[in-house]
Amino acid sequence: MRFQIYRYNPDVDAKPRMQFYDIALEPTDRMLLDALVRIKMEDDTFSFRRSCREGVCGSDAMNINGKNGLACITKLADLQDPVVIRPLPGLPVIRDLIVDMSQFFKQYHSIKPYVVNDTPPPERERLQSPEDREELNGLYECILCACCSTSCPSFWWNPDKFVGPAGLLQAYRFIADTRDQTVNERLDNLEDPYRLFRCHSIMNCVDVCPKNLNPTKAIGKIKDLLVKRTV
Amino acid sequence: MAIARRQFDAVVVGAGGSGLRAALQLAESNLKVAVLSKVFPTRSHTVAAQGGVSASLGNEEPDNWHWHMYDTVKGSDYLGDQDAIEFMCRKACDAVVELEHYGMPFDRLDNGKIYQRPFGGHTSNYGERAIKRACAAADRTGHAMLHTLYQRNVRAKTQFFVEWMALDLIRNQAGDVLGVVALEMETGEIMILHAKATLLATGGAGRIYSASTNAFINTGDGLGMAARAGIPLEDMEFWQFHPTGVAGAGVLITEGVRGEGGFLLNKDGERFMERYAPTVKDLASRDVVARAMATEIKEGRGAGKDGEYILLKLDHLGGDVIDKRLPGIREIAKKFANVDPATDPIPVVPTCHYQMGGVPTNVHGQAIAPDGKGGERIIKGLYAAGECACVSVHGANRLGTNSLLDLLVFGKSAGEQVVRDIAADANAMPDLPKDAGDYTLARLARLDSAASGERVSEVGAEMRRTMQLHCGVFRFPDSMAEGVRKMLEVAERNKRTFITDKSKVFNTARVEALELDNLIEVALSTMISANARQESRGAHDRSDFPARDDVNWMKHTLWFKDGNRLEYKPVQLKPMTVESFEPKARVY
């Protein structure tokens with residue numbers, strides 16, 4: 001199988017280039033990550049992030065044949081040959097497929113991603129009904145891979161000002177948690193022409209999410225709450 | 001070359017569950033703390049834990065920590081230290097409740113309390129029947145826990161050094177640990193992090209085997225660092241083979257599947273666990289189930305073209321229960337086994353999953369070593385928690401859901417001990433030895449100057465093949481002896497590895513070579529400790545000594561890198577406050 005891979009090492013390369021690899025795959029090589037590991041065995045200068053190899057740690061997000069995804073759960077059989085691999089778009093490249101994710105995490109941190117409840121903690125767990133807990137499904141499962149935010153044109157243009165789909169999905173995860181007492185502060189923190197309202201519902205985020213989550217829907221719910229608050 | 005230096009009160013190496021729990025304790029105590037991690041914290045392998053965290057909350061049926069303690073002692077095949085097991089089981093409810101207060105999205109019962117499910121080896125009333133003790137967030141409990149702990153650390157403003165790899169411990173003449181030498185992966189720079197306390201929380205090293213549920217990053221870095229610094233590793237012969245890894249892929253399928261009512265079948269469609277564990281059947285301890293599966297396969301009753309796997313059936317649970325309680329499993333089965341478990345069974349095989357051994361510690365996370373006079377001493381400045389530590393609460397076999405509990409309880413207690421030690425010795429910042437960092441620089445210089453030699457990937461593959469072949473579920477004397485010979489050879493080959501990439505920026509070839517150094521120490525200690533233990537206990541099963549031998553072998557192994565020397569120390573049979581559980585035959 002043929003792979004065309006974005007290569008850039010600031011130590012040795014003046015500018016980025018695309019490199020071809022022709023790799024003889026073994027029958028056990030089922031996912032794109034298996035092929036990348038095989039390429040690295042032949043060329044140890046090729047660099048990328050990976051860890052869990054089962055789609056739950058979020059390390060190996062990359063742009064695969066033009067679409068963001070996780071290498072470890074992308075089946076080779078589903079890919080058009082040659083496979084074109086690039087780093088996630090819109091973030092500075094450190095080396096090869098490794099991007100600088102500082103801006104992405106800064107936006108995640110900006111939504112205060114933790115439950116705030118200043119009432120004295122009870123002896124046992126705080127109670128939550130199964131229905132209230134159900135509200136968190138489709139939100140808490142995010143793995144922070146950045147496939148969504150780096151497929152979003154609004155995030156490309158304003159990564160410093162627009163929270164982006166991943167951050168907004170998590171913003172709603174804490175708004176929706178009945179144990180959190182700071183819904184108003186959370187909404188204040190988002191009521192801004194850039195932070196929330198740069199989302200124009202083009203839904204690239206939904207299209208690429210490897211966990212089948214729906215940031216656009218969560219963003220819509222935040223917008224609804226803001227409207228309700230004003231009337 | 002002078003190495004850059006920075007000073008901290010404490011350095012935590014690793015940002016999985018135990019590292020984050022410890023870091024939280026330290027950050028909330030206003031200490032100056034650096035938390036180093038090879039990966040962004042939420043990418044740590046705790047994220048892959050699925051089924052639950054144990055605590056005798058009794059939300060669905062009566063339960064108490066005495067029963068949990070009994071199950072853990074029995075699960076450990078009586079190699080676990082009963083004082084440490086009491087310590088952990090007594091603190092379980094508080095640890096889980098605290099996590100809930102931090103915002104952990106546990107599943108809920110109709111009355112609003114935390115949802116609990118049955119799990120292997122957890123029973124009611126000292127072994128009577130399976131009990132619901134595993135507190136779960138669907139089948140993503142580890143993910144929910146790791147993210148919650150990270151989020152709480154964001155709130156506490158913990159200082160993270162992301163994509164930094166610790167390479168070696170720094171020790172002085174007295175043997176005190178004074179920090180670590182570390183590599184900043186993005187720049188390739190080396191730095192000394194000089195600290196009053198160094199806490200290892202580097203997780204396991206399941207990557208010594210070819211078939212493993214473990215992530216690529218699970219390379220035993222803390223164990224390698226400890227071994228090279230002359231610190232012994234305890235009970236390294238005990239590795240858990242999880243009964244249900246996806247055949248061929250190794251990806252974990254939680255025991256929670258069997259907790260929810262799934263069961264194992266051989267090729268004849270027989271529910272064979274009824275023969276091996278008549279009372280709790282598929283919910284026996286993992287070592288028991290894994291051995292039963294391996295026996296079925298060995299005796300020709302495996303399913304598949306070559307009879308190479310066992311079938312995990314759960315379609316009878318119905319699509320709704322699967323989607324509600326086991327959604328991640330459905331996803332994994334579809335992706336990695338090409339089956340929808342709502343209609344077809346999942347092909348599974350026992351797969352290396354968890355390291356029961358590690359850096360010897362007490363219940364306060366303080367690293368301990370023999371004092372040379374028949375007793376033990378605390379290694380000043382060094383702490384360990386989680387899978388890289390051996391307290392020992394898991395003994396010869398860990399119960400499912402006790403790993404997440406372990407890292408909460410001992411992450412916190414290690415953090416508390418660091419706080420106490422630093423407060424007691426407030427002004428002490430011992431001087432670094434003059435040659436601090438030289439050893440690490442020499443290791444790096446060898447790698448950077450080598451123009452030819454062994455390929456890292458090939459030496460690593462040979463190590464994994466050797467361990468898989470010679471130190472698996474069933475162990476044989478001749479095969480283990482050959483395994484020792486081969487591993488000694490592989491360790492020699494590892495001294496001659498080379499990488500073509502000599503650049504500085506994010507050099508993952510260099511990182512993989514340094515990781516292999518750590519894996520080799522773990523594999524060697526495992527092979528040598530296993531070959532020496534002449535009994536079968538928990539996960540260590542050898543053909544020539546098929547029974548447990550409490551007279552000669554109820555003791556912990558200590559392996560020292562220097563000369564591959566072995567020592568032994570007694571098992572603590574006396575709990576903190578309750579009566580001992582006397583060893584007896586283990587029947588499920």
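We use all heavy atoms of the structure for the numbers below, so side chains are in, but hydrogens, waters and symmetry mates are not. Letters go in sequence order (proteins before strands), and every chain restarts at 1. As the structure is a prediction and not an experimental result, all values here were calculated from the model.
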What part of [X] gets within 4.5 angstrom of chain B, counting heavy atoms only: side chain, backbone, both, or neither?
X	answer
Phe174(A)	side chain
Ile94(A)	both
Leu139(A)	neither
Arg126(A)	both
Pro121(A)	both
Thr28(A)	neither

Measure distances from [X] to the heavy atoms of chain A and classify the residue's part below 4.5 Å as side chain, backbone, both or neither.
X	answer
Glu98(B)	neither
Thr187(B)	neither
Leu109(B)	backbone
Asn214(B)	backbone
Tyr150(B)	side chain
His143(B)	side chain

Does the side chain of [X] pick up a donor-acceptor pair with the side chain of [Y] at under 3.5 Å?
X	Y	result
Lys40(A)	Ser457(B)	no
Glu125(A)	Asn59(B)	yes
Asn338(B)	Lys75(A)	yes

Is [X] salt-bridged to [Y], going by a charged N under 4.0 Å from an acidic O?
X	Y	result
Arg108(B)	Glu131(A)	no
Asp501(B)	Arg95(A)	yes
Arg49(A)	Glu186(B)	no
Lys211(A)	Glu331(B)	yes

Specify which of [options] makes the most heavy-atom pairs with chain A at under 4.5 Å.
options	result
Val505(B), Val97(B), Val511(B), Ile217(B)	Val505(B)
Arg43(B), Arg155(B), Gln151(B)	Arg43(B)
Leu99(B), Val246(B), Thr213(B)	Thr213(B)
Arg140(B), Glu458(B), Glu100(B)	Glu100(B)
Lys38(B), Arg510(B), Lys324(B), Lys113(B)	Lys113(B)
Phe106(B), Phe506(B), Tyr102(B), Tyr115(B)	Phe506(B)

Aromatic plane relationship, Phe105(A) with Phe40(B) - under 30° parallel, 30 to 60° tilted, over 60° perpendicular: parallel
Could you tell me if the side chain of [Y] sits less than 4.5 Å from the side chain of [X], heavy atoms only?
X	Y	value
Met104(B)	Val115(A)	no
Cys57(A)	Thr42(B)	no
Val154(B)	Tyr114(A)	yes
Thr45(A)	Lys502(B)	no

Atom pair [atom1] ([X]) and [atom2] ([Y]), whose distance is rounded to the nearest 0.5 Å:
X	Y	atom1	atom2	result
Ser129(A)	Asn111(B)	OG	CG	11.0 Å
Glu54(A)	Leu252(B)	CD	CG	6.5 Å
His45(B)	Cys52(A)	NE2	SG	8.0 Å
Asp11(A)	Lys504(B)	CG	NZ	8.5 Å

Can you give me the closest heavy-atom contact between [X] and [Y], atom names plus distance?
X	Y	answer
Asp107(B)	Arg133(A)	OD1-NH2, 3.3 Å
Ala138(B)	Tyr140(A)	CB-OH, 3.8 Å
Met31(A)	Lys335(B)	CE-O, 3.3 Å

For the candidates [options], which exhibits the highest count of non-hydrogen atom pairs separated by less than 4.5 Å from chain B?
options	answer
Pro10(A), Gly55(A), Pro122(A)	Pro122(A)
Ile73(A), Asp180(A), Leu136(A)	Ile73(A)
Met101(A), Glu134(A), Arg173(A)	Arg173(A)
Arg30(A), Glu123(A), Met41(A)	Arg30(A)

Are any side-chain N or O atoms of [X] and backbone N or O atoms of [Y], one a donor and one an acceptor, separated by less than 3.5 Å?
X	Y	answer
Asp44(A)	Thr500(B)	yes
His101(B)	Arg124(A)	yes
Arg179(A)	Gly103(B)	yes
Arg50(A)	Phe216(B)	no

Crowding at CZ, Arg86(A) (>12 non-hydrogen neighbours, <6.0 Å):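 12 or below, so no.
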Atom CG of Asp81(A): over 12 foreign heavy atoms under 6.0 Å: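 Enclosed.
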